[in-house]
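Right, one structure below, let's go through it.
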Amino acid sequence: MCFLQRSEASPRREAAGNRGAKDLRPSSGCAQAFFEREELHIQELAQQVVSGLATGSIFASLALALVLIYRSMDVINFAQGELAMFTTFIAWQFTEQGMPLWAAFAATMAISFAGAVALERIVIRPIERAPQLTIVIVTLGLLIIFNGLAGWIWGYELKSFPSPFPTAPIHAGNVTFSSQDLGVIGVTLAALLLIYLFFSRTKLGLAMRAAALYPAESRVLGIPQGWMLALGWGLAAVMGTLSGLMVAPIVFLDPNMMQSIVVYAFAAAVLGGIDSPVGAVVGGLVLGVTLNLLGTYVDFIGTDLRLPVAFAIIVGVLVVRPSGMFGHRRLTRV
Amino acid sequence: MALLELDDLRARYGETDVLHGITLSVEPGAIVAILGANGAGKTTTFRAITGAIPTSGAVRFDGRPIKGNSPEAAARLGIAHVPEGRGTLAALTVRENLALGAFTQKDSKRTRATYERVVSYFPRLAERCNQAAGTLSGGEQQMLAIGRALMMEPRLMLLDEPSLGLAPLIVREIFALLERINKSDGVTILVSEQNAKLALAAASHAYVLETGRIAVSGPSADLNRDDAVRKSYLGY
Ligand SMILES: Nc1ncnc2c1ncn2[C@@H]1O[C@H](COP(=O)(O)OP(=O)(O)OP(=O)(O)O)[C@@H](O)[C@H]1O
Ligand SMILES: [Mg+2]
């Protein structure tokens with residue numbers, strides 16, 4: 001997950017960046033050396049793919065948050081990343097006060113959910129029927145407010161955030177994976193499974209889908225549109241918080257932590273289809289792996305050009321296939 | 001006391017007045033028809049009753065105005081609106097559509113029993129339960145819309161042109177079912193129709209709507225018997 005690292009001085013960088021060392025191994029005989037190198041390449045590829053999946057999981061969580069709100073409101077919530085940053089600070093505060101890490105996570109999730117529901121009811125509700133541009137501008141306002149608020153409360157210096165996962169690497173055959181990567185993938189997949197079950201198996205989840213897709217028809221069935229929207233904000237905030245909690249141990253915590261992540265998440269959502277939850281997840285994973293492999297094997301991209309590549313993907317998809325991999329072309333709205 | 005009463009109900013879209021004061025009442029247990037040509041204001045009347053559009057005048061359900069005056073509030077009181085075009089949640093399955101019909105119901109055991117009764121009325125829905133509702137035929141979608149409304153265990157069902165776009169055979173089947181539902185489930189029905197003959201056969205009372213006003217009203221038998229009314233308003 002090396003490219004999420006922001007500081008060259010980070011101690012974790014060495015664990016991930018041992019590519020050069022492998023190529024210098026002594027070899028005996030040409031053929032053997034050839035095969036050994038092949039194997040090393042495959043091992044490295046496997047590591048880079050897993051590492052990309054871990055980064056991609058983080059994109060996927062935040063992309064899903066964007067998609068959940070887009071589906072019900074037809075707008076991008078530009079504040080999603082900052083909300084995630086803010087709640088991650090809350091988790092940090094809990095751990096500073098000595099709360100066990102997983103307990104802090106659970107409490108933070110509950111606060112994110114309730115906070116976002118309240119935010120929707122108080123700030124978004126009055127402008128629910130306003131033009132989309134109005135809502136977009138309000139979310140931009142929230143972005144600035146939460147960024148400033150975090151800076152004011154917690155300051156701008158980088159804070160290290162504890163990782164919930166062990167540091168010892170995990171060996172699978174000849175390949176070594178970082179526990180951090182596998183942990184991030186595992187936790188994200190578990191959360192996605194829960195969300196999937198909620199939307200497909202519960203009456204409330206079903207009602208939320210109906211309210212997002214068929215607002216007028218579902219009101220007739222007694223489904224309260226406004227509350228479904230608020231619940232959507234709550235769930236989106238929980239997924240955003242998950243991405244913040246997973247990325248903070250890697251990049252260090254500060255008020256600007258999520259700013260590039262949210263661009264990657266947006267690229268992932270557009271790639272998958274901005275109105276498709278499955279697309280957001282697949283888009284996130286594909287983007288994570290692609291960027292990681294490009295950065296590793298295409299020298300000129302390195303770490304610096306990854307954000308521009310993400311932007312290029314956004315523009316490219318919007319031009320070639322606006323509905324993305326899984327999205328639906330919007331029909332006219334009633 | 002009437003289950004539903006409209007008193008001088010008016011509605012407009014933008015600057016255009018569409019309903020110019022509708023007064024009608026529906027007795028509990030009755031089937032009442034609203035007849036009228038295209039553009040007479042049938043759909044608008046239903047939307048005004050459920051509070052989907054702003055109105056003036058009074059709508060009383062069970063003697064009281066509908067609090068909150070919104071489609072959600074109407075549904076919670078037990079008014080099931082089967083809208084024109086059927087309101088199919090096309091991407092969801094038949095089963096999911098039916099489940100959402102019961103959104104306002106809290107008791108899941110009872111919902112199961114209602115589901116069993118609904119599929120006994122419409123066995124076709126059970127056969128198609130895992131199919132996307134948008135892939136059903138027009139007649140099947142109308143059955144789904146009625147079945148979904150029944151899942152709410154409504155006291156009053158508002159049906160907006162159930163015959164729209166359907167073959168005569170299916171339409172007769174649907175009206176026969178409506179009469180059965182009315183009798184055995186005790187659901188009061190207010191149905192709008194252009195097919196006056198069929199609607200008058202099922203309804204005890206009817207109101208003929210003409211450009212947003214009630215032109216004639218009375219017991220179905222009387223309207224049917226009156227040659228002048230039949231010629232000028234009912235078209236047969
Ligand atoms: N959304 C709208 N905006 C403006 N005018 C509308 C709107 N909906 C309906 N109208 C107008 O209101 C009048 C009544 O329409 P309404 O749909 O209630 O008629 P209807 O009796 O249901 O007709 P039909 O049998 O064709 O369904 C029509 O003149 C129509 O043009
Ligand atoms: Mg109509």
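Just so you know, these numbers use all the heavy atoms, side chains as well, and skip hydrogens, waters and symmetry mates. Letters go in sequence order (proteins before strands), and every chain restarts at 1. Everything numeric here is computed off the predicted structure, so don't read it as measured data.
B:V82 places none of its side-chain heavy atoms less than 4.5 Å from the side chain of A:V220. A 4.5 Å side-chain heavy-atom check between B:E72 and A:I223 finds every atom pair outside the cut-off.
Atom NZ of residue B:K106 and atom NZ of residue A:K203 lie 5.5 Å apart, to the nearest 0.5 angstrom. Atom CG of B:L92 and atom CD of A:E217 lie 10.5 Å apart (nearest 0.5 Å).
With a threshold of 4.5 angstrom between heavy atoms, B:R86 does not approach chain A through any atom at all. For chain A, the nearby parts of B:A90 are the backbone and the side chain; heavy atoms of each come within less than 4.5 Å. Within the 4.5 angstrom heavy-atom criterion, atoms from both the backbone and the side chain of B:A91 approach chain A.
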>> Determine whether B:L89 and A:L213 satisfy the following criterion, side chain to side chain contact (heavy atoms under 4.5 Å, CB included), listing intermediate values before the conclusion.
In response: CA-CA 8 Å; B:L89 313 174; A:L213 294 172; over 6 Å; no
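Surrounding CZ of A:F198 are more than 12 heavy atoms belonging to other residues, nucleotides or ligands, all under 6.0 Å away. The environment of B:R124 atom CZ is sparse: at most 12 non-hydrogen atoms of other residues, nucleotides or ligands sit within 6.0 angstrom.
The shortest heavy-atom contact between A:L221 and B:R148 is CD2-NE, 3.6 Å. In plain terms, the two heavy atoms of B:T104 and A:G222 that are nearest each other are CG2-CA, 4.1 Å. Closest heavy-atom contact between A:M228 and B:F103: CE-CZ, 4.2 Å.
Across A:Q225, A:R209, A:R219, the residue that shares the most heavy-atom pairs under 4.5 angstrom with chain B is A:R219. Most heavy-atom pairs under 4.5 Å with chain A, from the set B:P71, B:A149, B:S70, B:G85: that is B:P71.
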